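Taking it in order: structure first as structure tokens, then the write-up.
Bear in mind the structure is a predicted one, so any value in this text is a computation, not a measurement. Read the numbers this way: they start at 1 and go in the same order the structure lists the ligands and their atoms.
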Amino acid sequence: MVKAIIRTGDGGPEVLQLGEVPAPQPTETQLVVDVHATALNRADMIQRRGGYPPPPGESEILGLEIAGTVSAMGSAVEGVTQGDRVFGLVGGGGYAKQAVIDYRMAMPIPDEWRFEQAAAVPEVFFTANENIFTLGELSAGETILIHAGGSGVGSAGVQISHHAGANVFVTAGTSEKIEKCKALGAVEGINYKTTDFVTEITRLTDGQGVDVVLDFIGAPYLERNLSILKTKGRLLQVGLIGGATTEINLGTVMRNRLKIIGSVMRPQSIAEKIAITQRFVERWLPELKRGTLQPVIDTVFPLAEARQAHEYMEANRNFGKILLKVR
Ligand SMILES: NC(=O)c1ccc[n+]([C@@H]2O[C@H](COP(=O)([O-])OP(=O)(O)OC[C@H]3O[C@@H](n4cnc5c(N)ncnc54)[C@H](OP(=O)(O)O)[C@@H]3O)[C@@H](O)[C@H]2O)c1
């Protein structure tokens, strides 16, 4: 048995409790990892309430990314040794002392990194890279609006977009978050609680609009997001914090030849997730190792305080990642 955060039911943060679960058994291509750190993601809040189930075969325990040391492995694993420090994306199971990960998705942790640093990287950098570049095809000189710039994904998205030579605008709910986004490379930030982002983007771009929008809010923003896209603009729909259902006039999409692209990482096949990992390793891991990009860590809670960590995230207090120190 291993210690893990278990859910006593579907509901608020109070359903999270430290308990014990059977130790995970690896398939032939999986590593067993003694988890040292994991991180929260907004999706964990939805899973805790009873939505966003893990894909078939994945752990029911929360936690989509891990950093730790390899303690055992399946018979088909190649190139990994017991004791290796690894980090990566998992389909579930991160909030536990042990978890399993396919060896082709496990990346070696750079020597100088702490486990917390490594655990803060996979979900947000993979999501940002896949959406902004692989699907959104943002290029140097283009302009992007990243909503919720202070979110984990936003803090990664701002950095990689800026690094690629794009002009980055963000929205956020406080002036402190906007200042922090600017320190990461955003040109300008809009407090969506006090200012209409359509009016402000129109002003900031001299009426031109933006090439790409990365959106997590969904229904209440859809029509407004489309209205600020340039001809051939791309809207990446990555979250639905504000709701999933709305009605829009599709005329704008046709007239301006817009693309609306949605994606969710978790249900994708292992082959697709290995490819996602690889694209990140090639393009952004070298920059993270050099320190030109950094995972933004807001707070580290002990595993036993997962409940408090969830309360903190749901209060929208974090800028960047919330970590759980597991051992
Ligand atoms: N599709 C995928 O594969 C994928 C993968 C990872 C994450 N995601 C999605 O990406 C989003 C960010 O995830 P995360 O873990 O990085 O989140 P996070 O760190 O919890 O940040 C979310 C932020 O969104 C802002 N927000 C909350 N409610 C809002 C509302 N109604 N209107 C505008 N802003 C609001 C808050 O900041 P303010 O203070 O600025 O309001 C909050 O801190 C989530 O929607 C998540 O589900 C999708």
Side-chain angles (χ1 to χ4, degrees), residues 13 38-49 51-52 54-55 62-65 89-92 94 119-132 134-136 145-159 169-181 184 186 189-197 213-222 224-225 235-244 246 260-268 272-273 276-277 280 295-299 309-324:
T38 185
L40 269 67
N41 287 286
R42 205 75 182 181
D44 302 350
M45 314 294 116
I46 308 171
Q47 189 177 342
R48 192 200 65 221
R49 282 186 234 114
Y52 206 53
L62 303 183
L64 298 174
E65 52 202 334
L89 193 71
V90 290
V121 169
E123 180 79 16
V124 297
F125 277 91
F126 290 11
T127 302
N129 183 45
E130 285 307 304
N131 285 281
I132 295 171
T134 310
L135 299 171
L145 171 64
I146 299 180
H147 286 297
S151 65
V153 179
S155 66
V158 169
Q159 291 185 75
F169 298 115
V170 295
T171 62
T174 68
S175 48
E176 290 77 20
K177 287 190 183 182
I178 288 171
E179 287 314 309
K180 288 179 178 173
C181 287
L184 294 178
I190 303 161
N191 185 333
Y192 70 88
K193 290 183 177 163
T194 57
T195 311
D196 174 51
F197 74 82
V213 174
L214 181 67
D215 181 68
F216 315 112
I217 313 307
Y221 277 13
L222 180 58
R224 285 187 278 164
N225 282 335
L235 168 63
L236 285 313
Q237 198 62 58
V238 187
L240 297 168
I241 294 176
T246 187
I260 304 174
I261 309 170
S263 82
V264 182
M265 205 155 49
R266 193 180 197 186
Q268 296 190 36
E272 286 168 314
K273 288 183 193 170
I276 288 171
T277 304
F280 161 79
V296 179
I297 297 176
D298 181 292
T299 315
H310 274 230
E311 287 167 351
Y312 187 80
M313 180 173 262
E314 286 196 322
N316 298 332
R317 288 172 64 193
N318 58 301
F319 181 86
K321 294 291 289 184
I322 301 169
L323 277 289
L324 294 177

Next on the checklist: Just to verify, what does Tyr192 make a side-chain contact (heavy atoms from CB on, under 4.5 Å) with, not counting sequence neighbours?
Outcome noted: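 With neighbours one apart ignored, the set is Thr171, Tyr221.
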Checklist entry - Residues in side-chain contact (heavy atoms from CB on, under 4.5 Å) with Ile178, at least two apart? => result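 Result, side-chain contact (heavy atoms from CB on, under 4.5 Å) vs Ile178: Ala172, Lys182, Asn191.
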Checklist entry - How are the rings of His147 and Phe197 set to each other: parallel, tilted or perpendicular (split at 30° and 60°)? => result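 The arrangement is perpendicular - the two ring planes meet at more than 60°.
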Item to check | Between Gln237 and Asp215, a side-chain donor and acceptor under 3.5 Å | outcome: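 There is such a pair (donor and acceptor under 3.5 Å, judged by atom type) between the side chains of Gln237 and Asp215.
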Checklist entry - Does a donor on one side chain and an acceptor on the other come within less than 3.5 Å for Asp298 and Tyr312? => result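 Note: Asp298 and Tyr312 side chains meet the donor-acceptor criterion.
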Please give the N or O to N or O pairs under 3.5 Å between ligand 1 and the protein, distances rounded to 0.1 Å.
| residue | atom | partner | partner atom | Å |
| --- | --- | --- | --- | --- |
| ligand 1 | 1 (N) | Val238 | O | 3.0 |
| ligand 1 | 1 (N) | Ser263 | O | 2.8 |
| ligand 1 | 3 (O) | Met265 | N | 2.8 |
| ligand 1 | 15 (O) | Arg42 | N | 2.9 |
| ligand 1 | 16 (O) | Gly152 | N | 2.9 |
| ligand 1 | 16 (O) | Val153 | N | 2.9 |
| ligand 1 | 19 (O) | Gly152 | N | 3.0 |
| ligand 1 | 19 (O) | Asn318 | ND2 | 2.9 |
| ligand 1 | 20 (O) | Arg42 | NH1 | 3.0 |
| ligand 1 | 34 (N) | Tyr192 | OH | 3.3 |
| ligand 1 | 37 (O) | Lys177 | NZ | 3.2 |
| ligand 1 | 39 (O) | Lys177 | NZ | 2.7 |
| ligand 1 | 40 (O) | Gly173 | N | 2.7 |
| ligand 1 | 41 (O) | Tyr192 | OH | 2.4 |
| ligand 1 | 43 (O) | Lys177 | NZ | 3.3 |

Checklist entry - Looking at residues at least two apart in the chain, or sitting in another chain, which of them share a ring-ring contact (aromatic ring centres under 6.0 Å, His included) with His310? => result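 By the ring-ring contact (aromatic ring centres under 6.0 Å, His included) rule, His310 matches Tyr95.
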